[in-house]
Visitor: 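Let me give you the structure first, and then I'll get to my questions.
It should be emphasised that the depicted structure is a prediction, and the values quoted were computed from it without experimental measurement. Letters go in sequence order (proteins before strands), and every chain restarts at 1.
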Amino acid sequence: MTDVATNPPQTAAAPAPAASGPAVEAVSPLRESLGIFLKNRPALVGTAILAIILLALLYGTFFVTADPYEIVWAPMTPPFEEPDYALLGTDYLGRDILAGLLTGGWPTLAVGAAAALLTVGIGILVGALSGFFGGWVDDLLMRVTEFFQVLPALLFAMVLVTLFSPSLATIAIAIGVVSWPQTARLTRAEFLRIRELEYVAAARSIGAKNSRIIFRVVLPNALPPLIVSATLTVGVAILFEAGLSFLGLGDPNTMSWGLMIGQNRGYLLEAWWPVTLPGLAIFLTVFAISLIGDGLNDAFNPKLRSR
Amino acid sequence: MGASGYILRRLGYGVILLLGVVVLNFLLIHAAPGDPAEVIAGEMGGATQEMMDKIRADYGLDKPLIVQLGLYLGGVVTGDLGESYFFNQPVIELIGARIVPTILLVVAAQMIAITLGVGMGVLAARRPQGAWSAFVSVFSTIGYAAPVFWTGLMLIILFASMLPLFPVEGMESARFSGGPILYALDVLHHLFLPALTLGIIFLAQYARLSRASMIDVLGADYVRTARAKGLSERKVTFKHALRNAVLPIMTVAGIQFGNLISGALLVETVFNWPGMGRLAFDSVLRRDYPTLLGVLFFAALMVVVANLLTDLGYRLADPRIRTGGSRK
């Protein structure tokens with residue numbers, strides 16, 4: 001059983017090490033997981049890539065002072081041809097690709113993070129209520145979940161964004177509203193498993209309220225798989241935002257990686273870089289996030305490590 | 001409960017889900033800001049008040065919402081999805097002309113993804129620590145992380161100029177003349193790149209899943225028994241292990257169907273594939289609500305049918321469910 005350090009330390013001592021192994025010094029499970037994560041090379045590579053991307057987005061504009069909308073050189077100048085004006089070349093209008101990359105990452109990442117938070121929030125709430133209470137609550141909520149799984153997410157999000165003005169907030173909400181069912185199912189499965197365990201019965205026997213049992217007893221113990229899923233959700237949400245902006249349904253006033261690809265795709269065969277480079281940025285970001293997610297998964301499920 | 005009772009119950013449930021989808025979309029679209037009559041008038045280049053009233057009456061927009069919903073639902077049941085504001089054509093005809101290309105694309109992508117993905121996963125599972133296994137892990141992460149529309153564009157660069165083996169646009173050659181067999185080959189030729197693009201994301205997931213599932217199954221007692229009987233490794237892998245490992249893959253394949261349709265939307269845009277994705281895109285931009293509602297309905301219908309088929313396939317593949325009655 002995975003026990004997580006977020007549990008309130010009311011029990012006097014950490015649980016004794018399992019009888020199966022030789023007596024070793026007790027290490028908190030969180031620290032043990034962190035140790036495993038830090039030894040996972042792909043996960044560290046992912047962390048490094050993500051750190052570099054974030055640093056470039058944070059500080060890049062101090063070194064490259066350019067407006068992503070400003071025309072700096074001839075249209076479709078290839079990369080490295082005019083390093084003083086447009087290091088990574090220009091797009092079909094003559095705008096600096098590098099400036100676009102450095103400023104266009106924010107909406108993508110912000111929407112991705114906000115949408116993932118919303119997805120996980122709704123998913124955990126629905127899944128927790130469903131798994132904890134069972135009965136008609138479970139039936140009802142699972143029907144709603146199935147209902148949302150029948151709607152093709154991107155199509156539904158397209159409709160939502162078009163109906164209610166394409167701002168960054170609308171996009172994040174639309175992605176969140178369509179993507180939560182998987183988190184809900186996962187949370188429900190964890191709750192169904194955990195609610196039968198002894199420490200839940202113990203909490204109940206001392207008269208803890210349902211809300212306390214859900215959020216302070218069961219949820220912390222259900223967190224490891226949920227953290228992994230939340231991490232991967234950020235990646236999915238970023239791809240989602242990129243897809244919407246690619247279609248031209250993103251915020252029209254904000255430069256973003258998906259928008260750059262969408263605007264330049266008509267000139268794809270004359271100039272590959274305005275399409276390839278933003279896509280590479282999206283790819284690297286999601287790639288890094290999924291490496292981190294896999295690393296967390298291994299760290300939280302040590303028995304899977306041998307795979 | 002018998003198999004037919006189970007199937008009937010699932011069918012009925014699917015119908016209820018679809019009606020729910022229709023009601024939700026209808027209410028949502030009509031709750032949104034903006035007046036459809038003005039949109040139609042805008043398409044016509046402006047209109048007087050009288051013309052606006054006539055438009056409202058023509059499209060039933062002057063009736064209370066609940067009456068409109070009732071009329072719409074009645075229409076859906078009889079196969080009448082209304083008239084497109086933009087194309088001035090019945091929605092059912094618009095969709096009828098585009099649903100086959102979309103089904104073609106989605107099914108082809110799913111087949112590519114499952115065969116290649118499971119194949120890769122099975123090979124990887126035979127040596128969980130081997131080089132091939134590592135390749136599958138890396139490849140599946142890459143396939144998952146690349147935006148599908150971007151993968152498509154990269155393939156277009158590759159195949160349009162450097163390696164002109166496959167057409168990169170449309171579904172059929174212009175001015176095609178030839179018999180039905182040649183035509184089918186021509187369509188398949190055009191289908192290859194879009195289907196591959198869409199397949200790659202899902203391929204990655206199937207490879208990863210079947211690798212994990214095969215590793216699980218290969219450690220099971222009945223596989224050890226099969227080996228102990230002296231069966232060849234090939235027989236053990238494909239007859240004993242794979243049949244069991246394939247069950248979780250089927251479940252995921254069913255769940256993925258909605259995502260496949262979402263992906264098809266983007267892939268159709270990239271490759272100019274004349275399917276429902278383009279229609280959805282056009283009707284979103286033009287606020288052509290009847291068409292949009294129709295596309296959503298048919299997309300949901302495709303998912304429901306796919307789930308039903310998965311369910312049936314699952315019951316065929318796993319005798320425990322077949323005889324075990326209504327176990328979930």
Side-chain angles (χ1 to χ4, degrees), chain A residues 42 46 143-144 146-165 178 181-182 185 232 235-236 238-240 242-244 246-249 257-258 261-262 264-265 268-269 272 275-276 278-280 282-291 293-294 304 306-307, chain B residues 13-14 16-18 20-21 24-25 28-29 31-34 128-129 133 137-138 141-142 144-151 153-154 156-157 160-161 201 211-212 215 255 257-266 269-270 276-277 280-281 284-285 287 292 295-296 299-304 307:
Chain A
R143 291 298 92 85
V144 175
E146 279 166 32
F147 177 78
F148 273 90
Q149 280 187 313
V150 167
L151 286 169
L154 185 67
L155 192 54
F156 194 54
M158 270 169 77
V159 173
L160 287 182
V161 169
T162 323
L163 292 182
F164 304 96
S165 79
V178 296
Q182 250 174 331
R185 284 178 176 276
L232 297 175
V236 174
I238 287 176
L239 289 176
F240 225 119
L244 284 174
F246 166 74
L247 288 175
L249 299 176
W257 291 340
I261 300 177
N264 283 290
R265 63 171 274 237
L268 177 69
L269 296 178
W272 54 269
V275 170
T276 307
L280 211 56
I282 301 170
F283 164 71
L284 280 176
T285 311
V286 180
F287 185 63
I289 290 173
S290 52
L291 286 180
D294 287 349
L304 292 178
S306 58
R307 288 180 187 173
Chain B
Y13 182 51
I16 294 174
L17 270 182
L18 282 176
V21 168
L24 174 79
N25 289 326
L28 204 62
I29 283 176
Q129 309 295 340
S133 225
S137 295
V138 173
T141 316
I142 289 177
Y144 158 87
V148 61
F149 55 91
W150 183 70
T151 311
L153 293 170
M154 294 300 104
I156 288 182
I157 293 182
S161 46
I201 350 170
R211 174 174 171 272
I215 290 175
I255 295 174
F257 217 84
N259 294 336
L260 263 170
I261 292 180
S262 287
L265 224 81
L266 292 164
T269 314
V270 170
M276 297 209 314
F281 182 64
V284 158
L285 288 186
R287 296 185 173 254
L292 199 51
V295 171
L296 275 163
L301 179 68
M302 283 161 75
V303 176
V304 166
N307 285 345

Visitor: What do the steps show when you test A/L154 against A/L244 for side-chain contact (heavy atoms from CB on, under 4.5 Å), and what is the final call?
Guide: CA-CA 8 Å; A/L154 185 67; A/L244 284 174; 4.0 Å; yes

Visitor: Taking every heavy-atom pair that is under 4.5 Å apart, which of A/W272, A/F287, A/F246 has the most such pairs with chain B?
Guide: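 Top option by heavy-atom pairs under 4.5 Å: A/F246.
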
Visitor: Taking atom CD as the centre, does A/E146 end up with more than 12 heavy-atom neighbours from other residues, nucleotides or ligands that are less than 6.0 angstrom away?
Guide: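 For A/E146, atom CD is crowded (more than 12 foreign heavy atoms under 6.0 Å).
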
Visitor: Between A/L247, A/I282, A/L151, which residue shows the highest count of heavy-atom pairs closer than 4.5 Å to chain B?
Guide: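 Highest number of heavy-atom pairs under 4.5 Å: A/L247.
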
Visitor: Under 4.5 Å heavy-atom distance to chain A, tell me which part of B/L153 shows up: side chain, backbone, both or neither.
Guide: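 Contact with chain A: backbone and side chain both.
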
Visitor: Which distance, rounded to the nearest 0.5 Å, do you find between the CD1 of A/I289 and the CG of A/L232?
Guide: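 With rounding to 0.5 Å, CD1 (A/I289) is 9.0 Å from CG (A/L232).
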
Visitor: I'd like to know which of B/G20, B/G263, B/G14 tops the heavy-atom pair count under 4.5 Å against chain A.
Guide: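 Answer, by heavy-atom pair count under 4.5 Å with chain A: B/G20.
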
Visitor: Quick one: sort the A/F148 and A/F156 rings into parallel, tilted or perpendicular, breaks at 30° and 60°.
Guide: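 Aromatic pair A/F148/A/F156 classed perpendicular.
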
Visitor: Is it the side chain or the backbone of B/Y144 that comes within 4.5 Å of chain A heavy atoms, both, or neither?
Guide: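 Both parts, backbone and side chain.
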
Visitor: Quick check for you: among B/A280, B/A146, B/G258, which has the greatest number of heavy-atom pairs under 4.5 Å with chain A?
Guide: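 Ranked by heavy-atom pairs under 4.5 Å with chain A, first place is B/A146.
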
Visitor: Using 0.5 Å steps for rounding, measure from the CG atom of A/L160 to the CG atom of B/N25.
Guide: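 So the CG of A/L160 and the CG of B/N25 are separated by 9.0 Å.
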
Visitor: Measuring from A/Q149:CD to A/R185:CZ, what's the distance to the nearest 0.5 Å?
Guide: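 Spacing of CD (A/Q149) from CZ (A/R185) equals 4.5 Å.
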
Visitor: What's the separation between atom CH2 in B/W150 and atom CG in A/L280, rounded to the nearest 0.5 Å?
Guide: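 Nearest 0.5 Å value for the CH2-CG distance: 4.5 Å.
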
Visitor: I'd like to know if the side chain of B/S262 and the backbone of A/A153 have a donor-acceptor N/O pair within less than 3.5 Å.
Guide: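 Yes.
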
Visitor: What part of A/L249 is in contact with chain B, defined as an atom under 4.5 angstrom from a non-hydrogen atom: side chain, backbone, both or neither?
Guide: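 When you check distances to chain B, only side chain atoms of A/L249 fall under 4.5 Å.
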
Visitor: Is B/L24 close to chain A through its backbone or its side chain, or both, or neither, when contacts mean heavy atoms under 4.5 Å?
Guide: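 The side chain, not the backbone.
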
Visitor: With chain A as the partner, which of B/T269, B/I142, B/V303 has the greatest number of non-hydrogen pairs under 4.5 Å?
Guide: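 Ranked by contacts with chain A, first place is B/I142.
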
Visitor: Is chain A contacted by the side chain of B/V148, its backbone, both, or neither, given a heavy-atom distance below 4.5 Å?
Guide: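 Looking at B/V148, nothing touches chain A.
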
Visitor: CG of B/N259 to CD of A/Q182: how many Å apart, nearest 0.5 Å?
Guide: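 Here the rounded value is 7.0 Å.
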
Visitor: Can you say whether B/L292 sits under 4.5 Å from chain A via the side chain, the backbone, both, or neither, judging by heavy atoms?
Guide: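 Looking at B/L292, just its side chain touches chain A.
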
Visitor: Given the options B/I261, B/L296, B/N307, which has more heavy-atom pairs under 4.5 Å with chain A than any of the others?
Guide: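 Between B/I261, B/L296, B/N307, the count favours B/L296.
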
Visitor: Heavy-atom cut-off 4.5 Å, strictly under: side chain, backbone, both or neither for A/V236 against chain B?
Guide: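 When you check distances to chain B, atoms from both the backbone and side chain of A/V236 fall under 4.5 Å.
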
